[in-house]
Number of protein chains: 2
Amino acid sequence: MAKIQALMSIGAVSKRTGCKIETIRYYERAGLLKPPARSQGGHRHYSEAALKRLTFILRARQLGFSLDRVRTLLALADGEGRTCDEVHQITIRHLQDVRAKQDDLKVMEKVLDEMVSRCADGTLPECPLIEELFEVGPPA
Amino acid sequence: MAKIQALMSIGAVSKRTGCKIETIRYYERAGLLKPPARSQGGHRHYSEAALKRLTFILRARQLGFSLDRVRTLLALADGEGRTCDEVHQITIRHLQDVRAKQDDLKVMEKVLDEMVSRCADGTLPECPLIEELFEVGPPA
DNA sequence: CTTGAATCTGTAGTAACTAAAGATTGTATG
DNA sequence: CATACAATCTTTAGTTACTACAGATTCAAG
């Protein structure tokens, strides 16, 4: 009673997901994708389920989850006892990380913007930008 | 007519800059810091100028410049023909990168925030967060 | 002079891939 | 069926910016 499944080559999966072949193999090595069926010659053949799993990984990566967190997320999705609570926790924590990163970048942006405007045209022989970076004290 | 200079050990430089010893040596290997003077026994001795240079690197890194860009910046600072213009260009480009990264993070934040609020309490047996990530179409 | 802290070099590990070499397999066509 | 060529295979090394050892010296204080 096994379901009839159309299996895909790694190239086909790559095309359908936009994920490079090497990366797919890398995810397998990294334990995120289960080792797929093989042809007699050893070529990988993927099921639709495997493709879905890869999509999950790709989506999570797009959202900035580390591979390690993706691994955890997948483990939760795999295990029966998925309470949703842990997933919730991980996502919240990640959201906090994303916000913290934004704050860092905002600070960078501000300083850079000030530096650039202080040196608006780039025609001076001495460079205020460089001087600023060389200053020993804290940034203006 | 050489200037009298108080030389510092690598540990002293580390303490004054907050940069780890290994990182200082790494910057030397990476060609960002010039090989310093050595004692007879081979220990590094740094001048104030070297410390300033390290400060420059650290400051630029804090602002998110890649080591490669820092290298370029230092080369410009070193060379006589520093018009400031190139420095200006690099900084502007970097500022654009910083802004682009912020935009990416904003998108992530939005999606994550929506996901979390859709799954507010984490008490459900099935997890909307997980389901969402498994969806094959584009994210909501 | 002796100890203990500091430093030395060199290698390997981290994250998340990417690339390339060289061998093998799969498949389309004559 | 033969053959050519594309696709895939494994393994290894490169990337970025460090960090962390191990084992050998060297420095500085008492």
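Just so it is clear: chains get the letters A, B, ... in the order the sequence lines come, proteins before strands, and each one is counted from 1.
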Between [X] ([atom1]) and [N] ([atom2]), how many Å, whole number?
X        : N       : atom1 : atom2 : value
Ile10(A) : dT25(C) : CD1   : C1'   : 14 Å
Ile21(A) : dT10(D) : CD1   : P     : 12 Å
Met8(A)  : dG26(C) : CE    : P     : 18 Å
Leu58(A) : dA16(C) : CG    : P     : 14 Å
Tyr46(B) : dA6(C)  : OH    : C1'   : 14 Å
Asp68(A) : dA16(C) : CG    : P     : 7 Å

Does any non-hydrogen side-chain atom of [Y] lie less than 4.5 Å from one of [X]?
X        : Y         : value
Leu63(A) : Met115(B) : yes
Asp97(A) : Lys101(A) : no
Leu67(A) : Arg61(A)  : yes

query = Of all the choices, dT7(C), dA17(D), dC9(D), which nucleotide is nearest to the side chain of Arg38(A) once you look at every atom?
reply = dC9(D)
So, is [X] near the phosphate of [N], with a side-chain N or O under 4.0 Å from OP1 or OP2?
X        : N       : answer
Arg44(B) : dT7(C)  : no
Ser9(A)  : dA7(D)  : no
Ser66(A) : dA15(C) : no
Arg71(A) : dA15(C) : no

key: Backbone N/O of Thr91(A) and side chain of Arg69(A): donor-acceptor pair under 3.5 Å   = no
request  = Keeping the roles fixed (side chain from Ser14(B), backbone from Ile10(B)), state whether a donor-acceptor pair exists under 3.5 Å.
outcome  = no
When you compare the protein's N or O atoms with those of nucleotides 26-30 of chain D, which come within less than 3.5 Å of each other, and at what distance?
unit_1	atom_1	unit_2	atom_2	d
dC27(D)	OP1	Ser39(B)	OG	2.9
dC27(D)	OP1	Gly41(B)	N	2.9

What distance separates [X] [atom1] from [Y] [atom2], expressed to the nearest 0.5 Å?
X        : Y        : atom1 : atom2 : answer
Leu51(A) : Leu7(A)  : CG    : CG    : 12.0 Å
Ile24(B) : Arg29(B) : CD1   : CZ    : 12.5 Å
Thr17(B) : Arg59(B) : OG1   : CZ    : 11.5 Å
Leu33(B) : Ile57(B) : CG    : CD1   : 4.0 Å

Charged N to carboxylate O under 4.0 angstrom, [X] versus [Y]?
X         : Y         : value
Lys52(B)  : Glu48(B)  : no
Asp113(B) : Lys110(B) : no
Asp103(A) : Lys106(A) : yes

inquiry  = Tell me which pairs pass ring-ring contact (aromatic ring centres under 6.0 Å, His included) where either residue lies in residues 26-69 of chain A, with sequence neighbours left out.
reply    = Phe56(A)-Phe134(B), Phe65(A)-His94(A)
Heteroatom pairs (N/O) under 3.5 angstrom, protein to nucleotides 21-24 of chain D:
none

query = Do any of residues 92-102 of chain B sit with a heavy atom less than 4.0 Å from DNA chain D, and if so which?
reply = none
key: Sorted by number, the residues of residues 26-35 of chain A with heavy-atom contact under 4.0 Å to DNA chain C   = Tyr26(A), Tyr27(A)
ask   = Starting at the 5' end of DNA chain D and moving along, which residue's nearest nucleotide shows up first, Lys20(B) or Leu67(B)?
value = Leu67(B)
note = Sorted by chain and number, sequence neighbours left out, side chain to side chain contact (heavy atoms under 4.5 Å, CB included) with Ala37(A) holds for none
